[in-house]
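In this text, all values refer to a predicted model and were calculated from it rather than measured experimentally. In what follows, every chain begins at residue 1, and chains take the letters A, B, ... in the order their sequences are listed.
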Amino acid sequence: MGSGSSLACDISLNSILPKHLQDRYQNPSLIRRILAESKTIAMVGLSSDGQRPSYFVASYLKYEGYRIIPVNPKAKEILGEKAYPDVRSIPHPIDLVEVFRRPEECDEIVQQAIEKKAKTVWFQLRIVNEHAAQAAEAAGLDVVMDKCVKMEHGRYNGSLHWVGMNTEIITARKARRLF
Amino acid sequence: MNESKRAFGFETRMLHAGHIPDAVTGARAVPIYQTTSYVFDDTDFAAQLFELKQYGNIYTRIMNPTTAVFEERLASLENATGCLATASGQAAQFIALATLLQPEDEIVASAHLYGGTYTQFSHTLRKLCVKAHFVDPTDPKNFERALTPKTRALYGETIGNPRGSILDIEAAAEIAKARRIPLIVDNTFATPWLCRPIDFGATIVVHSATKFIGGHGTSIAGALLESGNFDYSHYPTVSDPSPSYHNLKFYETFGHYGFLMKARAETLRDVGACISPFNSFLLIQGLETLSLRMERHVQNALAVAQFLKSHPKVEWVSYAGLPDSPYHALAKKYTPKGPGAVFAFGVRGGREAGKKFIEALQIFSHLANVGDAKSLVIHPASTTHQQLSDEELQKCGVGPELIRLSIGLETLEDLLWDLDQALLATSR
């Protein structure tokens, strides 16, 4: 067993979005392209506590080769990277803004992501704000909603499979790693 | 790469789910990874694996690449979010309950259970201070009546062993949902080809994979699966900080994978009832033909049930596929392709006739298993259910005249011939 490279079996597990929003914000091809093309990820709401879910996601992604920029006004440094109070304060370009904050904070975060010329905003699992998503789309950004970056990465690179989870990937093509 | 998604069918997933030909060899069959352990990339990666910050292979007591194919394939077929394979069906249900419960918790279980499950609940769980209340499942309201403030799960079998009653899964799931507790369903006799309990609201599904999933009677194994739809935040066993993982909160950290991650990384790790990679391989061979076998199993079972029904030496036949069965309406709803291939009948002449019948059979194998490709027979009162008292036997619906059949894939006419000649032998 290697990594996934083909069609996703569309049984749409584990989403609270209605079907039409799943098609729009959880498109497997879009998610795979984002994971393949993004290099620098600003994680808004990354905790400095090593046992918090956001820290699990960040340490996973860092090991997988992404540069993680912590956005947390209470932290100085997380996982060896300088932390910033907000997206606006980050002095260099970022590809993806990942949101670990409550839905009502998403509008402001999206505005900053647009200013920052990020390519994608990604709202973590169970974080849903359609208004913010539409604003990001109107500015030309890609949007993923109600999905976990770590789970999706593990799903498409094959590692989630090792722990018996249903990746929903069905293919007879030889495995190849895309990211 | 194709841009679209596709809802692949059951048979396609039987053959492909969970296995992508590996990048180096391209081996088409699933390789048998007969290894205990796995080399780490480096010390950092090893540390991350042990903290569960990376998904990956550590030790075959916890996970194995061959087993992972079996697990993901079964998860796909059951429409589950994931699966944990175990050494046996008994281990699967124990690990499910040991993950969920703590001392002083209670469960309400159907009384129409496999004898081994019944004793696990009534004796071993009892020793761990978990109490099981057994109820007649034919009226689902009985589950509700037995609820106490300590009830933490409902438990039943899709097709009850040995009399073939059908659990009203939707009704039981409603009761469980109203109490915010999970419904656990043993789907062994139905297999996901005949019924998928998660589609009807079950939270956890358990299997003895030894039976129809393998189909060959070569391997003991089990599996537990989870829907991914249940909120465990009020289950301290799943959501509280775990002292054995630096106070990791499994439900908060892994979300809908939390229960299964906990079951694997803690309960399976500690209980040790892991499956052998070779058995996983054999079960994968079984899954590849599941629909074809089950189709023939239920065809043969219905024909045998009809034959017995009209036989003068038969007192009664309890198969939910027969229109006069009290479970026929439920069978049409939950197992529309047929209510499995395991059922019971009563032989005229009671205990003595039952023994003579079994001794006279030529093709049916007399043994303690079901769900083999070969036809099987047993007399529960003297075997699988013998540990139970007379009172417990009656509660399980097992009389002394009861014969349990597991109908296999032999030529139907040969099965009917064998049953007929053995029934006639009972009056000699």
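- Once rounded to the nearest 0.5 Å, the distance linking CE of A:M165 with OG1 of B:T81 reads 7.0 Å.
- Residue contact with chain A, scored on non-hydrogen atoms closer than 4.5 Å, involves the backbone of B:E51 exclusively.
- Residue contact with chain A, scored on non-hydrogen atoms closer than 4.5 Å, is absent for B:V30.
- Atom OH of B:Y59 has 12 or fewer neighbouring heavy atoms from other residues, nucleotides or ligands inside a 6.0 Å radius.
- Although no hydrogens or angles enter the test, the distance criterion places a donor-acceptor pair under 3.5 Å between the side chain of A:Q51 and the main chain of B:Y245.
- Across A:K150 and B:L52, no two heavy atoms sit closer than the pair NZ-O, 3.8 Å.
- Of the two parts of B:Q54, the backbone and the side chain both hold a non-hydrogen atom closer than 4.5 Å to a non-hydrogen atom of chain A.
- The shortest heavy-atom contact between A:R173 and B:P21 is O-CD, 3.5 Å.
- To the nearest 0.5 Å, atom CG of residue B:D44 and atom OG of residue A:S59 are 11.0 Å apart.
- For B:K53 and A:Y60, the positive end is not near the middle of the six-membered ring at less than 6.0 Å and at most 45° from its axis.
- Contact count against chain A (heavy-atom pairs under 4.5 Å) is highest for B:H246 among B:R73, B:R28, B:H246, B:M63.
- Within 6.0 Å of NE2 on A:H131 lie no more than 12 heavy atoms contributed by other residues, nucleotides or ligands.
- With a 4.5 angstrom heavy-atom cutoff, B:L248 touches chain A via backbone and side-chain atoms both.
- Between chain A and the residues B:G228, B:C83, B:G255, the most heavy-atom pairs under 4.5 angstrom are made by B:C83.
- Distance alone, capped at 3.5 Å, places no donor-acceptor pair between the A:N166 side chain and the B:G82 backbone.
- Between chain A and the options B:E252, B:M261, B:E226, B:K249, heavy-atom pairs under 4.5 Å are most frequent for B:E252.
- Of all residues spanning residues 117-130 of chain A, those with a heavy atom less than 4.5 Å away from chain B's heavy atoms are A:L125, A:R126, arranged by number.
- Within a 6.0 Å radius of NZ in A:K116, more than 12 heavy atoms belonging to other residues, nucleotides or ligands are found.
- The two residues A:T167 and B:E72 make their nearest non-hydrogen contact at OG1-OE2, 2.5 Å.
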Derivation of the side chain to side chain contact (heavy atoms under 4.5 Å, CB included) call for B:S76 and A:E168: CA-CA 7 Å; B:S76 177; A:E168 304 172 65; over 6 Å; no
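- Proximity to chain A (any heavy atom under 4.5 Å) is restricted, for B:S227, to the backbone atoms N, CA, C and O.
- Across all non-hydrogen atoms, the minimal contact from A:W162 to B:P65 is CZ3-CB, 3.7 Å.
- Top candidate by heavy-atom pairs under 4.5 Å with chain A, chosen from B:T67, B:N57, B:L15, B:N229, is B:N57.
- Interface summary for chain A: among B:L74, B:D42, B:L225, the most heavy-atom pairs under 4.5 angstrom belong to B:D42.
- In this structure, the side chain of B:E71 does not engage the main chain of A:V163 through any donor-acceptor pair within 3.5 Å.
- For B:H16 against A:T171, the heavy-atom pair with the smallest separation is ND1-O, 4.2 Å.
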